[in-house]
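As structure tokens, the structure follows; a few thoughts come after it.
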Amino acid sequence: MILSTLSLIIVLSGCSNSAVTQNSTGFWDHYIVWSFIRAIQFLSIHGNYGWGIIFFTIAVRAILLPLFFYQTKSMRKTMDIQPQLKALQQKYSAKDLETQNKLREEQQKLYAEAGVNPVAGCLPLIVQMPILYALYQAIFRSPVLKTGSFLWMQLGDKDPYFILPIIAAIFTYATSKLSMMSQPEQNGMSTAMTLGMPVMILIMAINFPAALSLYWVITNAFSVLQTLMFNNPFKINRERQEKQQLAKKKQRTLAKAKRRALKSKKK
């Protein structure tokens, strides 16, 4: 998935940097970038393209909501089968090719039985990458949008005070943290991602046009609300604790029943 994303970025980066207008030709320029420019202009309030980007971002996230909902459901199912996955990894811990092939077969079988798609978590990222690049092109290659202003900044220039990059990084961290909180077990990689993603967003937002920083702020704020709605870690952890308490109660009840049965046999 990562290689596919990088390949897509490389292909798109080879597109022309000339101005995009209604007379532009080519599928990417005419049908994608020019459509983005027209959509932002249409959604702008009194010609303020910052508001156009905000409403455009919200519209994009609303359209992608079913995909994110599917991702959330798949992630929940993946978390539920973590104990079985660990058991398989311990059972087939040998590093020889035959054992590793058997492990992959058993994992795929477990995924199929649980209705889990292992790559579902990457789908929103794959879909968002061309959208992000098209938005960059729409701002950078539109003479009108490039010179637009919003609050204290020019949309085609970097945020001079780094306010939007910092806010974007904060919302990115909040989204990652909330997602990690719902995991039954946390590892070093998830912790590194929780800390690394905000840093990466911060660095990119500082160096990219303010329009992209504005996009990241809105989309990550949307992600925080979406996580609280569909993958609320506080609700998930509470339900998980209730299940654990119920399981312990059943075990205690079963143990008491066994002890009573033994006492009855002795009498």
Side-chain angles (χ1 to χ4, degrees), residues 1 4-69 71 122-159 163-165 167-168 171-172 175 200-201 203-226:
M1 283 295 180
S4 299
T5 303
L6 292 175
S7 300
L8 178 62
I9 294 173
I10 292 172
V11 170
L12 296 182
S13 64
C15 299
S16 171
N17 288 323
S18 59
V20 174
T21 66
Q22 61 181 351
N23 298 320
S24 296
T25 59
F27 177 81
W28 176 254
D29 287 356
H30 183 73
Y31 292 101
I32 305 299
V33 178
W34 176 241
S35 296
F36 274 43
I37 293 172
R38 292 181 62 191
I40 293 172
Q41 290 176 329
F42 175 78
L43 294 171
S44 299
I45 299 176
H46 302 301
N48 191 316
Y49 300 125
W51 286 111
I53 292 173
I54 291 174
F55 292 133
F56 178 79
T57 304
I58 293 174
V60 169
R61 290 301 302 241
I63 293 172
L64 295 179
L65 195 58
L67 180 60
F68 283 96
F69 182 68
Q71 175 201 29
C122 300
L123 290 177
L125 175 63
I126 298 299
V127 173
Q128 280 194 91
M129 288 306 298
I131 294 174
L132 186 63
Y133 194 81
L135 179 61
Y136 171 82
Q137 293 262 303
I139 299 298
F140 191 72
R141 300 176 62 192
S142 169
V144 177
L145 298 185
K146 188 177 180 180
T147 57
S149 61
F150 182 68
L151 299 177
W152 63 87
M153 55 203 168
Q154 292 292 121
L155 294 174
D157 297 333
K158 303 173 185 177
D159 184 345
I163 295 175
L164 286 185
I167 296 175
F171 278 129
T172 301
T175 302
M200 185 174 68
I201 289 293
I203 294 173
M204 289 192 296
I206 287 175
N207 292 282
F208 284 1
L212 286 186
S213 298
L214 182 59
Y215 169 83
W216 271 319
V217 167
I218 302 304
T219 195
N220 287 326
F222 197 99
S223 293
V224 171
L225 295 175
Q226 175 185 290

Side chain to side chain contact (heavy atoms under 4.5 Å, CB included) evaluation trace for Asp159 with Trp152: CA-CA 8 Å; Asp159 184 345; Trp152 63 87; 2.8 Å; yes
Worked verdict on Gln137 versus Trp28 for side chain to side chain contact (heavy atoms under 4.5 Å, CB included): CA-CA 10 Å; Gln137 293 262 303; Trp28 176 254; 3.6 Å; yes
Distance (rounded to the nearest 0.5 Å) between [X] [atom1] and [Y] [atom2]:
| X | Y | atom1 | atom2 | answer |
| --- | --- | --- | --- | --- |
| Ile32 | Ile37 | CD1 | CD1 | 12.0 Å |
| Phe36 | Ser142 | CZ | OG | 13.5 Å |
| Ile40 | Leu43 | CD1 | CG | 8.5 Å |
| Ile206 | Lys158 | CD1 | NZ | 9.5 Å |

Under the ring-ring contact (aromatic ring centres under 6.0 Å, His included) test, residues paired with Phe42 that sit two or more places apart: none
No-hydrogen, no-angle side-chain donor-acceptor test under 3.5 Å, Thr172 and Asn220: yes
Counting only pairs under 3.5 Å, give me each side-chain donor-acceptor contact of residues 208-216, with atom names and distances, residues two or more places apart or in other chains.
from	atom 1	to	atom 2	distance (Å)
Ser213	OG	Ala205	O	3.1
Tyr215	OH	Gln128	OE1	3.2

Short side-chain to backbone donor-acceptor contact, Asp157 and Met153, under 3.5 Å: no
List, one per line, each side-chain donor-acceptor pair under 3.5 Å for residues 50-65, sequence neighbours excluded.
from	atom 1	to	atom 2	distance (Å)
Thr57	OG1	Ile53	O	2.7
Arg61	NH1	Thr219	O	3.1
Arg61	NH1	Thr219	OG1	2.6
Arg61	NH1	Ser223	OG	3.0
Arg61	NH2	Ser223	OG	3.2
Arg61	NH2	Gln226	OE1	3.3

Other residues, nucleotides, ligands: >12 heavy atoms within 6.0 Å of Phe150 CZ: yes
